[in-house]
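What follows is a single structure, written as structure tokens, with notes after it.
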Amino acid sequence: MEKIDYTDTGQFCSGHVACAGCAEALAMRVILNEVGTDAVGVVVPSCTAVILGGHPMSSAKIPFLHGTLESAAASAAGVKRALRAMGRDDTTVLCLAGDGGTYDIGLQSLSSAAERNEDILYVCFDNEGYMNTGGQKSSSTPKSATTGSTPLGKTTRKKNLIEILAAHRIPYIATVSPSHLNDMKAKVKKAKGMRGMKVIIVLIPCLPGWGVADNAAVKTARLAVESGVFPLIEVEDGLTYKVAQDEKKHPLDDYLAQQKRYRHLKDDDRAELQADVDASWSRLIGLAAM
Amino acid sequence: MNEQLSPLWTHLSSENRLTGTWRAALPNYQDQPSPCLGACPVNGRIATWIGQVKNGDIHGAFVTLADNNPFPAIAGRICHHPCETACNRVEHDETVGICSLERFVGDAALDQGWAFPAPEEERAQSVAIIGGGPAGLSAAYQLRRQGYAVTLFEASGQLGGLMRHGIPSYRLDRAVLDGEVNRIAAMGIDIRLNAEVMDEAALERLRAEHDAVFLATGASRPKRLPTLDYDQDWIVDSADFLAAPQDEQIARTGAHVVVIGGGSAAMDVARTCRRLGRAVTVLTLEPEGRLPAQKVELDEGAEEGIGFVSAAMLHSASFEGESVTAHCIRVEFQPGAQRGQFRADPVPGSEFTLNADTIIPAIGQDADLARWAELLDANGPVIATAPGWQTSAPGLFAGGDVASMERFVTEAVGMGKEAAHAIAGFLQTGIAAPVPEIAPQVGYDRINPAYQEDHARTHQPVADVVARLASFDEVQEPLTEAQARKEASRCFSCGTCIFCDNCYFYCPDMAITKLEDGGYSVKTDYCKGCGLCVAECPTGSIHMQEDEAR
Ligand SMILES: Cc1cc2nc3c(=O)[nH]c(=O)nc-3n(C[C@H](O)[C@H](O)[C@H](O)COP(=O)(O)OP(=O)(O)OC[C@H]3O[C@@H](n4cnc5c(N)ncnc54)[C@H](O)[C@@H]3O)c2cc1C
Ligand SMILES: Cc1ncc(C[n+]2csc(CCOP(=O)(O)OP(=O)(O)O)c2C)c(N)n1
Ligand code: SF4
Ligand code: SF4
Ligand code: SF4
Ligand SMILES: [Mg+2]
């Protein structure tokens, strides 16, 4: 088996308040340790902000600016420019936001920063809903999933943020999963070494929000990757697609079965979702072959 | 106590918020036996030694193996391998080739000439062992390791028991048998060959001269079919036949041999006859698919051209004109509650005959108990024993085929080991040490399949049939080192920590510490009890346990 091989230098600390078993904390651990000490963080309202801790406590060892939900990318761009003015060109600016803050409320500022190719590392913890406020739908919530505000299941599809970002032709876009920590580490490292706008989307199975068991976040994330619903990809300069795996290893059902938010689905619904995954997969493989 | 964390850059969340208070259950690191260990007749630490093979530590694997079984090269060839049936990997794809790996390690040990170390201390007490088969040799080995003086009495001129006088060389090369037997003899055991313990008086003398005695005389008296006249020269006894040199085997068999029986011994007779150029028909009471011989023996026998007539019984046989006519009848076969028990009801009107030159019944063996009947409880088919293989006579223990109906080499080795353990307890405290209990074993549900190698099993190559029939050379060929390590990598290491660090890295609360000595500990101040470490452990070496402190 492939051993996990990053070094934890203690950049993310015990005593944080993520739910027991939360994969977001797990991902933050990898990302903060890989980003290292010469970094300044920006975070906007989200589970992430709660996990990092309200003033005066912090579970991260780099300083964090807590911004507004609309302005994650803009705030990070500002911090970067200030650092540059101070001669700290090489300091990494790490911007952390949820999917609500990325796909919805902060999309405008994200798009603007992308268009200007700001030199920031933007990480979206995508738990497919507004989760720290109790679990409402976002435009990242997938079709048919129930949330507090879509009790019968969402009727529209998940917004394709990757293609939106690719259209901006930014240097780097990647998806990562808490089930694949070496891949996550390698992509953070690669992004950190690049200039310009980098966006990494992390899939986070929300335990209460998705109805996943306390010990099953990693398993669920792994099934998301292996069923092809959340493939691990990289897009460079908006044009060059790379997919980590060459086939889907699980039927979508294996993934859906881990989660209560899909519990209401009938066989037909599941078949429809499977067909959608298959179509998206073919499209992605087509893009990667180009 | 948790270790002190370094100060935070800003304010101290670690010092101020002890999230361990959230917890209801705490992970507990505890290696647990694998199901293969539980099924193994010698309870070998299979997960450990296969891990050593995987890591290329073949000598280490040999040492681990030899702890419970001094015959890895033999067992790797002829063990009935219940471990492979119990293997958790069966639920994933196919068993790990445990036996082929054991053979690989055993062969390497013989090739390299690895010897057993001398005992750490010599003890004054002595033990007499009667019978130089696997049970006797296993007990001799285990007692000698602990420094006891061991004298072994063997009736025949060579050690090995049925491994030599029963199992043919195409399944167990004699150089391998000699190598593993001599390695035990070299530990300083006083071996007396051609030294049959004739009667109770002789046994009593041994009891007087030694501090304990282990009786392991096996069961080598063939059961006889009442309707056959064994004085006819066209009826050959299977035990005599297998023990005989090849020229004698040729002299005693005609062109067409009918073998009676469906067990290992019958297959050995039949396949030996095929190698002598005889046409062979095997007649079995059991229907096809229910024959007691190992599947591999049946498959290989069929490849070698044995004809099977199943679910039928020999009624009588007579010499008529040029050849023998075997009168047979079909039967309705029903297995009984225990191994070896069955009912076979003849089907009226289904009589038929087989033509033969020689008939070799091979329907099982009985232990010769009559000579001990005054001294021991020998009313059943075997010597009666209490736990720890104690007979009714104090200081006298019995194991192997003479004391059990579990008639396999490794069962005999396991009994020899357990008896040695009991004897050592008896010699040290006056009370036979009980057989250690095996803890509950790790099930497949505790294994995380995501971290397991996905490649299919690598089987041992098998010699081609034409070559097989032309000699008594081994049929099964060994794995190469590369193949063995590849096969070893399929093992889940059930219940045996492989120090992969998954638990450490998958804890979202940084609540696991890697210890200097390679182990792990849980920081109780921070562990929230989520169970992610347990879920992502590939091997099932941690489990959640209710946290009594909460
Ligand atoms: C043909 C055949 C094939 C088999 N194939 C397999 C197989 O493939 N796999 C497997 O696991 N098992 C197999 N078995 C079963 C296996 O061989 C036995 O279960 C095993 O050998 C029993 O070991 P033991 O030490 O109890 O007895 P034995 O192997 O019978 O050894 C007993 C020894 O005691 C000696 N002895 C007897 N009486 C005295 C006395 N009074 N004084 C001194 N010495 C005495 C005998 O000469 C003999 O050497 C086979 C058996 C047969 C007959
Ligand atoms: C403009 C604005 N609207 C609403 C809120 C309230 N609010 C705080 S966090 C949050 C949910 C954010 O969801 P997401 O970004 O997906 O993060 P998650 O909680 O799921 O981690 C909301 C709606 C806010 N802070 N600002
Ligand atoms: S996978 Fe390995 S440790 Fe587990 S039962 Fe099979 S051989 Fe034994
Ligand atoms: S993963 Fe960490 S917090 Fe969760 S049970 Fe294991 S040690 Fe405790
Ligand atoms: S996860 Fe790996 S290191 Fe941790 S207990 Fe299991 S096998 Fe050992
Ligand atoms: Mg969210």
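Letters A, B, ... mirror the listed sequences (proteins, then strands); counts begin at 1. Computed from a predicted structure; not experimentally measured.
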So do A/H16 and B/R17 actually touch side chain to side chain, heavy atoms under 4.5 Å?
no
One should read off an interatomic distance between B/I512 CD1 and A/S14 OG, to the nearest 0.5 angstrom, of 10.5 Å
Please flag which part of A/S179 lies under 4.5 Å from any non-hydrogen atom of chain B: side chain, backbone, both or neither.
backbone
Of the listed residues (A/D214, A/V17, A/L207), which shares the most heavy-atom pairs with chain B below a 4.5 Å separation?
A/V17
Output for pair (A/I4 CD1, B/D501 CG), nearest 0.5 Å, gives 8.0 Å
d(B/W22 CH2, A/C19 SG) to nearest 0.5 Å is 7.0 Å
Give, for atom CZ of B/F505 and atom CG of A/D8, the distance between the pair rounded to the nearest 0.5 Å.
7.5 Å
Closest-packed option against chain A by number of heavy-atom pairs under 4.5 Å, given B/C533, B/C507, B/S489, B/P538:
B/C507
Name the option with the most non-hydrogen atom pairs under 4.5 Å to chain A; the candidates are B/I498, B/N502, B/V534.
B/N502
When A/K3, A/R29, A/E2 are compared by non-hydrogen pairs under 4.5 Å with chain B, the top option:
A/R29
Quick check: under 4.5 Å, non-hydrogen atoms only, which of residues 243-256 of chain A neighbour chain B?
none
Would you say B/K54 has more than 12 foreign heavy atoms packed within less than 6.0 Å of its NZ?
yes
